[in-house]
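Reading through the structure tokens given below for one structure.
The structure presented is a predicted model; accordingly, all values stated were derived computationally and were not measured. The sequence lines fix the lettering, A, B, ..., with proteins before strands; numbering per chain opens at 1.
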2 protein chains.
Amino acid sequence: MGLLSLGPMSGYEMRQMMEQSTTNFWTESYGQIYPALKSMVKDGLVTVEEQTGGVRAKKVYKITPLGERRLRRWLQVGAKPQAYRNELLLKIFFGDQAERGAIAAQVVAKREQLGEALQKYEAKVIWMETAFARHPAMPYWKMTARFGIAETKALIAWCDETLAELEKRGLVSRV
Amino acid sequence: MGLLSLGPMSGYEMRQMMEQSTTNFWTESYGQIYPALKSMVKDGLVTVEEQTGGVRAKKVYKITPLGERRLRRWLQVGAKPQAYRNELLLKIFFGDQAERGAIAAQVVAKREQLGEALQKYEAKVIWMETAFARHPAMPYWKMTARFGIAETKALIAWCDETLAELEKRGLVSRV
DNA sequence: TAGCACATGTAATAAGTTACATGATTTT
DNA sequence: AAAATCATGTAACTTATTACATGTGCTA
């Protein structure tokens, strides 16, 4: 988590930024952020400064050189594979036990959700490209966005394929 | 979780089965399984039977009609979207701060891991098709397997694309 | 003046993993 | 005789979310 201290900002702002930028692959709640910041201050990775001059008092956190080193080190170690869970697949796995049409309905719902997500991704890429055109981290941000787009497109294709298969088997309760 | 009670089996066997079949989208540890079984017995969703006749004493759990109803109901309600976290993407997002070549190395590692996963998936599909050819749930199992394959292929393509992009920008520390 | 956005935090709870404890049986 | 596998379980710990408490300042 410590890594979010790239630009100086408050805990609240961190949350806002995450909502805007990393939503699709990372989020943290306040219950995580504030204690984490505290412990990082204790470890000397970041410093705090009470900002009373602005509109409203807030604590601005800033990364220290030690924190920067720690961040670079973290960027070098490989991400350990995290077991991810997919409730949809679990339901499909037991699809045999389901009532007729239930699984197809699940896939349709997923397909819709993916379609919306794809639109959002694509809109965000365009917005990013205009708003931060010359930001040095831009190429990296685009890579993460493309990841989301590629994955989503693949899953949409899978949904369509799966629905066709279900239909072929007469497992869709249609009108 | 209750859903794993499709065929009667022990907690240990459940874990084994999960390792074999649902590994790529669902796993539970014993620390989850045993308490869950206990609570399901209490709720009347499953029954236990101490099996002493076999090689070794074990407790065989079996689903009740109530449990079956509950399972069918669960298969109907939509899966709530779960926020997933991707450490790799998080690292790429901060790639600007990384040492030259670090991000490329991450992507290369991911690519390798995905390649292996893809081979495993494909081998498993073939094995499943021969071992359980006529199992009624087979079409569903195949759908989940195809999901994994589709996703993995898409991500491999993304890795290659991303590596090409990094190379173009001279961000790969190659020999 | 009501409500929303800003802002920080804590406590309760939920969810899940890891490690350990225990012991039988089978394989090497 | 040792090691692996079968088998069940618990305790400690980690991780994360949710809900609550508190208060300011701006805007409709």
| query | Touch check for B/Gly11, heavy atoms < 4.0 angstrom, all strands: base, sugar-phosphate only, or nothing? | reply | sugar-phosphate
| remark: Of C/dA7, C/dT18, D/dG9, the nucleotide closest to the side chain of A/Tyr34 is C/dA7
| said: Measure OH/B/Tyr30 against P/C/dT17 and give the value in whole Å, please. | reply: 13 Å
| query | What class does the angle between the rings of B/Phe132 and B/His135 fall in, given that below 30° is parallel, 30 to 60° is tilted and above 60° is perpendicular? | reply | perpendicular
| said: Does any part of the side chain of A/Leu90, heavy atoms only, come nearer than 4.5 Å to the side chain of B/Trp74, both counted from C-beta? | reply: yes
| task | Give a yes or no on this: more than 12 heavy atoms of other residues, nucleotides or ligands lie within 6.0 Å of atom CD of A/Glu49. | result | no
| note | Rounded to the nearest 0.5 Å, the CD1 atom of B/Ile92 sits from the CG atom of A/Leu75 at a distance of 10.5 Å
| Worked check of side chain to side chain donor-acceptor pair (under 3.5 Å) between B/Ser29 and B/Gln32 | CA-CA 5 Å; B/Ser29 57; B/Gln32 293 278 115; 5.2 Å; no
| message | Taking only side-chain N and O atoms of B/Arg85, does any of them lie within less than 4.0 angstrom of OP1 or OP2 on D/dT17? | response | yes
| request: Would you kindly give the CD1-to-P distance between B/Ile33 and C/dA15, to the nearest whole Å? | output: 17 Å
| said: I need the B/Thr22 OG1 to B/Trp141 CH2 distance, nearest 0.5 Å. | reply: 11.5 Å
| task | Give the rounded distance in Å between these two atoms: CD of B/Glu87 and P of D/dA16. | result | 11 Å
| query | So, is A/Lys59 near the phosphate of C/dG9, with a side-chain N or O under 4.0 Å from OP1 or OP2? | reply | yes
| field | Residue from A/Arg146, A/Lys124, A/Lys142 passing salt bridge (Lys or Arg N to Asp or Glu O under 4.0 Å) with A/Glu129 | value | A/Lys142
| note | Assert: residue with more 5' nearest nucleotide on DNA chain D, out of B/Glu13 and B/Pro35, is B/Glu13
| Tell me: CZ of B/Arg15 to P of D/dT5, nearest whole Å? | 14 Å
| message | Defining pairs by Watson-Crick or G-U wobble geometry with both distances under 3.5 Å, how would you list the stems of DNA chain D with at least three pairs each? | response | C:1-28 with D:1-28
| remark: With the side chain defined as heavy atoms from C-beta on, A/Ser29 is closest, among C/dT18, D/dT17, C/dA5, to D/dT17
| request: Among D/dT5, C/dC6, C/dT17, find the nucleotide with the atom closest to the side chain of B/Arg56. | output: D/dT5
| request: Side chain of B/Lys38 only, please: which of D/dT5, D/dG9, C/dT8 is the nearest? | output: D/dG9
| task | Specify the separation, in whole Å, of atom CE of A/Met14 and atom C1' of C/dT8. | result | 13 Å
